[in-house]
Undergrad: 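First the structure, which I've put down as structure tokens, then a few questions once you've had a look.
It should be emphasised that the depicted structure is a prediction, and the values quoted were computed from it without experimental measurement. Side chains included, hydrogens not; waters and symmetry mates left out as well; all remaining heavy atoms used.
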Amino acid sequence: MNIAVRSPFRPLSSRRAELAEKVFGFAVVLLLVLSEVFSSNIQSTLPNFSQICRLALTAVSAALLLFKCLFLTEWQSRTQIIAALAAILYSGAVFVYGGDQWFFLSVLVGISAKDVDLRRVLKIYLITAAVCVVSVQVLHYTTDLIPFNYYCRNWDFGYGHYNGYGARLIGIFFAWGWLRWPRLRWWDWAGLTALAAYTLLVPGCRGAGGAMVLLLLLFICQKLLPAFFESRIWHALILALAPALLCGSLAAGRLFTPEDPAATPILSKLNRLLSGRFEVWHHVFWRYPYFHPAEEGIPGWYHGDMPRTVSLFGGMVTDGDEHHAIDNTFLAIPMNKGILGAILIGGVFLFLVWRLCKAGCTGETLFIAAMLLYFLMENKAFLLSANPFILLLPAAILTPRTSPLPVVCPPPGRANRQREPLTV
């Protein structure tokens, strides 16, 4: 008796492809609810219920994404399967060793994003994120379910820290702009500008608000000088940006001395502008001990006897632990994932940017520039609610060279034809 076995390289039917998008979209919704709602201060008022919900949301979303990868994804070659399997296994190992749950989940999301309609998923993302954030703020202001906590110079807006609130706001901002570029209308400009002003002036999130303002300026510059953003000059700048920010972070943390800020006056001024980020990088990454004085709402604590911050495999918790927490993605990755992980992640990211530049995906390069500025001041690279560009992972490792990249922003008109060298 002959038994028909489905080949992994057989194209999906239209019905199965539609089911794949629904499964993926539902998993994204669950992860956003996990990050937006059950990562808020509701954990302190309903600890048992929140813990059960967090476990259930994590397990169900991971199971759905794995199901989508195994049974509802069209694989064109064994190379794609090996790359996807290696990424999932590595992220799982990092989760076990370094405790980065969101890195594992973000890799699952990125791999599962293969062959789905990103524009449709992004609409789901935007609606879910906005509804969840507004719901948390309504509960925060009108009930005791999400309590008020004062942190340093502002209250926490229900997320334990005002910058945690800013991370959710910038995810909405990025998704909105990404979905609408380059068809921005006056109401888009008004809404995005209002959200940027609110982020800067109300919670006072300089990292998130500054990245929002930069993106709006890039939008304007691209309208005025479209040829520049299709030129090799811009492509070289965007490719060099992440390595430059890494080197700058290392140098600033090393050279700036909080005990003698007058020795480096320029760095001292930049440190104040960036809310003391250089001081954090100096003490945490370069392991200089210090005593943190008590402030309003924060008890004093001693920071010393730090373990080795950089090793081959990492493993240090860099988000949540007050002694290891560091507001810089470029420094947090080698601390948590080691030198090996930093090389792997950096290589995949640079390859993605190179492919976007080669394909003429101008819109995506604008967003990546703003995103990298945000990562300079925060450690939220793998939090889905702060970084919707995780959906671009298939463009880096799962798309053949002869196929168009799965992106959201339409390339400029000339990018669809044979590209010619452009000069500025």
Side-chain angles (χ1 to χ4, degrees), residues 23-36 38-39 54 57-69 73 83-114 116 118 121-122 124-126 128-129 132 164 167-168 170-172 174-175 178 242 314 317-320 329-330 332-338 341-342 344-353 364 367-368 371-372 374-375 378-398 406-408:
V23 169
F24 182 75
F26 186 54
V28 168
V29 169
L30 295 182
L31 288 176
L32 289 174
V33 172
L34 170 65
S35 175
E36 308 277 3
F38 290 100
S39 294
R54 286 178 62 85
L57 290 169
T58 303
V60 173
S61 58
L64 288 174
L65 293 172
L66 286 171
F67 178 81
K68 196 272 179 186
C69 288
T73 298
L85 183 61
I88 292 173
L89 290 177
Y90 173 73
S91 62
V94 169
F95 169 43
V96 174
Y97 185 69
D100 193 346
Q101 168 187 319
W102 278 105
F103 178 63
F104 172 66
L105 293 173
S106 67
V107 170
L108 274 183
V109 169
I111 297 298
S112 303
K114 185 180 185 303
V116 301
L118 291 189
V121 171
L122 202 57
I124 297 173
Y125 178 105
L126 178 59
T128 304
C132 288
R168 277 73 182 182
I170 200 171
I172 295 173
F174 279 153
W178 195 16
V317 178
T318 56
D319 193 9
T329 296
F330 303 99
I333 288 177
M335 289 173 65
N336 181 259
K337 297 164 184 64
L344 291 173
I345 294 170
V348 171
F349 175 77
L350 290 177
F351 185 63
L352 168 64
V353 177
E364 274 74 17
F367 286 98
I368 284 175
M371 179 189 70
L372 289 176
Y374 176 63
F375 289 167
E378 296 295 341
N379 178 18
K380 306 292 184 184
F382 306 111
L383 183 66
L384 180 62
S385 56
N387 183 12
F389 306 111
I390 291 168
L391 298 172
L392 285 175
L393 184 59
I397 64 174
L398 299 177
V407 295
V408 175

Undergrad: Starting at CG of Leu118, measure out to CH2 of Trp178 and round the result to the nearest 0.5 Å.
TA: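 The CG atom of Leu118 sits 6.0 Å away from the CH2 atom of Trp178.
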Undergrad: Any chance you could lay out the side-chain contact (heavy atoms from CB on, under 4.5 Å) test for Tyr90 and Val107, step after step, and finish with the verdict?
TA: CA-CA 9 Å; Tyr90 173 73; Val107 170; over 6 Å; no
Undergrad: Give a yes or no answer on whether the side chain of Thr329 reaches the backbone of Glu378 with a donor-acceptor pair at less than 3.5 Å.
TA: yes
Undergrad: Can you measure from CE (Met371) to CD (Glu364) and round to the nearest 0.5 angstrom?
TA: 11.0 Å
Undergrad: For residues Thr73 and Lys68, is any side-chain donor paired with an opposing acceptor at under 3.5 Å?
TA: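 The criterion, which ignores hydrogens and geometry beyond distance, is satisfied for Lys68 and Thr73.
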Undergrad: Which pairs would a plain distance check flag for residues 383-394, meaning a side-chain donor or acceptor within less than 3.5 Å of a matching protein atom at least two apart in sequence or in another chain?
TA:
residue: Ser385; atom: OG; partner: Ser35; partner atom: OG; Å: 2.6
residue: Asn387; atom: OD1; partner: Phe389; partner atom: N; Å: 3.1
residue: Asn387; atom: ND2; partner: Ala381; partner atom: O; Å: 2.7

Undergrad: Looking at Phe26, I'd like to know if its CZ atom is crowded, meaning that more than 12 non-hydrogen atoms belonging to other residues, nucleotides or ligands lie closer than 6.0 Å.
TA: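 Incorrect, the count does not exceed 12.
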Undergrad: Counting N and O atoms only, with roles assigned by atom type, does the side chain of Thr128 sit under 3.5 Å from a partner on the main chain of Tyr125, one being a donor and the other an acceptor?
TA: no
Undergrad: Mind checking the CD1-CZ spacing from Ile368 to Phe375? Nearest 0.5 Å is all I need.
TA: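 Rounded to the nearest 0.5 Å, the CD1-CZ separation comes out at 9.5 Å.
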Undergrad: Among Leu31, Leu30, Leu108, which residue meets the side-chain contact (heavy atoms from CB on, under 4.5 Å) test with Leu64?
TA: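 So the option named by the test is Leu30.
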Undergrad: Check step by step if side-chain contact (heavy atoms from CB on, under 4.5 Å) holds for Val94 and Phe382.
TA: CA-CA 13 Å; Val94 169; Phe382 306 111; over 6 Å; no
Undergrad: Could you tell me whether a side-chain N or O of Asn336 sits under 3.5 Å from a main-chain N or O of Thr318, the two making a donor and an acceptor?
TA: no
